Amino acid sequence: MSIPLLDLKAQYLTIKNEIDQAIQNVLDSSIFIMGPEMKTLEKEIAAYCGTKDAVAVANGTDALILTLKAFGIGPGDEVITTPFTFFASAETIAQVGATPVFVDIDPVTLNMDLTLLEKKITPQTKAIIAVHIFGQMLDVEKIMEIAARHNIKVIEDAAQAIGAEYRGKKAGSIAHASTFSFFPTKNLGAYGDGGMIVTNDEDLATQLRMLRFHGCKIKYYHDEIGYNSRLDEMQAAILRVKLRYLDRWNEGRRERAKVYDQLLADASVQLPGRDPLALPIYHLYVLRSEERNILMERLKAGGVASAVYYPVPLHLQKAFHTLGYKVGDFPVAEQACEQALAIPCYPELSLDQQRQIVALIKH
Ligand SMILES: *Cc1c(COP(=O)(O)O)cnc(C)c1O
């Protein structure tokens, strides 16, 4: 029996009746765009995160682009982020015409190293995108303090961290604005694309609602150049069902992470590094090994899927060659790219399966 990295079919089967009903309800209403499901989901996500408002958009990438746009960020501006993340965290900075500036990561948590952050702030710096990598938050309050001294904006890219906490505060609740992705494999995943921005700034939310809908407040009256970036009713209805299970599922991931921690304590791999102030949601359970590729092959031969997050740090991506970075600029991120390996970690994974995976890792 092979073990996938994530089992979305197994998850669906546990909530099939509710999902099928939710989809049927949308079909019966035949309201497909900007309807009651989306509006209710916005309220529910805002309540879940403890923010004043939430604005649904088409995906997590658009959530970042619209937020950067709403903050007036563009050509000539710099935005600081981590080189160890999914491409969109920095692609979106370039997409609005600004320049991504990278800060190396902490070797334990693999999140941005905050001791290196302030040195990278220049008069051109307009924002910091703080990424909660693999579902473990970094200290956004500390970033807010640093940002306040320089009068710059902070955005949490919480695509991998919905439900995670830091000092008891939810991911997305601390920065000026925060973004989520509902890509199917995220902890709260749609059955298609989806995204959300949460914020306590009501003017910003109004601005974002205009941007996602062609710069309109009133239909066919366009106050500015915007986008078409909406979350459809089908996805919103599915997400509303899944949101009710999110805490349980995140807890299920934490339980499985704990099992791995115990069973792998004496294995010759490095376990995921923890910040004691963070409550992670294990979007991914990521081991590190100097023999990563051999380990991956061994798992594959034993029928276990694993995946490299991420094979190339962003500063060395071809698309960013014009930024002029070279090998050795961010050594911690580069090493993480050589060593990191995600193994299956989700609530539907059984203890037997975990034992089978551990046996392969231990060889
Ligand atoms: C998934 C992800 C995104 C992009 O989300 P999409 O919905 O796929 O556009 C952005 N940042 C991070 C860190 C992600 O993991």
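Both counts, for ligands and for their atoms, begin at 1 and track the order of listing. The first residue of the sequence shown is numbered 1, and numbering continues consecutively from there. Values in this document were obtained by computation on a predicted structure and should not be read as measured data.
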Is the distance between the ring centroids of Tyr309 and Phe84 under 6.0 Å?
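No, ring centres 6.0 Å or more apart.
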Which one of Tyr346, Phe134, Tyr260 satisfies the ring-ring contact (aromatic ring centres under 6.0 Å, His included) criterion with Tyr285?
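Between Tyr285 and the candidates, ring-ring contact (aromatic ring centres under 6.0 Å, His included) is satisfied uniquely by Tyr260.
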For [atom], the protein heavy atom that lies nearest, with its residue and separation:
| atom | result |
| --- | --- |
| atom 15 (O) of ligand 1 | Gln160 NE2, 2.9 Å |
| atom 2 (C) of ligand 1 | Lys186 NZ, 2.7 Å |
| atom 9 (O) of ligand 1 | Thr61 OG1, 2.5 Å |

Just verifying a value: how many Å separate Asp203 CG and Asp53 CG, rounded to the nearest 0.5 Å?
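Between Asp203 CG and Asp53 CG, I get 11.0 Å after rounding to 0.5 Å.
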Can you see whether Tyr48 has Lys170 sitting over its ring - NZ or CZ less than 6.0 Å from the centre and within 45° of the normal?
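Geometry flag: set, cation within 6.0 Å and 45°.
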I want to confirm something. Looking only at heavy atoms, which of Asp157, Thr179, Thr185 is nearest to atom 13 (C) of ligand 1?
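Going through Asp157, Thr179, Thr185 one by one, Asp157 has the nearest heavy atom to atom 13 (C) of ligand 1.
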At less than 4.0 angstrom from any non-hydrogen atom of [X], what atoms of ligand 1 do you find?
| X | value |
| --- | --- |
| Ser89 | 11 (N), 13 (C) |
| Gly60 | 5 (O), 6 (P), 7 (O), 9 (O) |
| Thr85 | 13 (C) |

Does Asn59 approach ligand 1 within less than 4.0 angstrom via side chain, backbone, both or neither, non-hydrogen atoms only?
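Near ligand 1, Asn59 shows its backbone as well as its side chain.
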If you take all heavy atoms of Leu66 and Ser229, which pair is closest and at what distance?
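Heavy atoms only, the tightest pair is CD2-CB, 4.5 Å.
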Ligand 1 contacted by Gly195 (non-hydrogen, < 4.0 Å)
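No; Gly195 lies far enough from ligand 1 that no heavy-atom distance drops under 4.0 Å.
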Is it true that atom NZ of Lys217 has more than 12 heavy atoms of other residues, nucleotides or ligands lying nearer than 6.0 Å?
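Atom NZ in Lys217 is not crowded, with 12 or fewer foreign heavy atoms closer than 6.0 Å.
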How far apart are the C-alpha atoms of Phe183 and Phe86, what are their side-chain angles, what is the distance that settles it, and do they pass the ring-ring contact (aromatic ring centres under 6.0 Å, His included) test?
CA-CA 13 Å; Phe183 186 79; Phe86 178 60; 8.2 Å; no
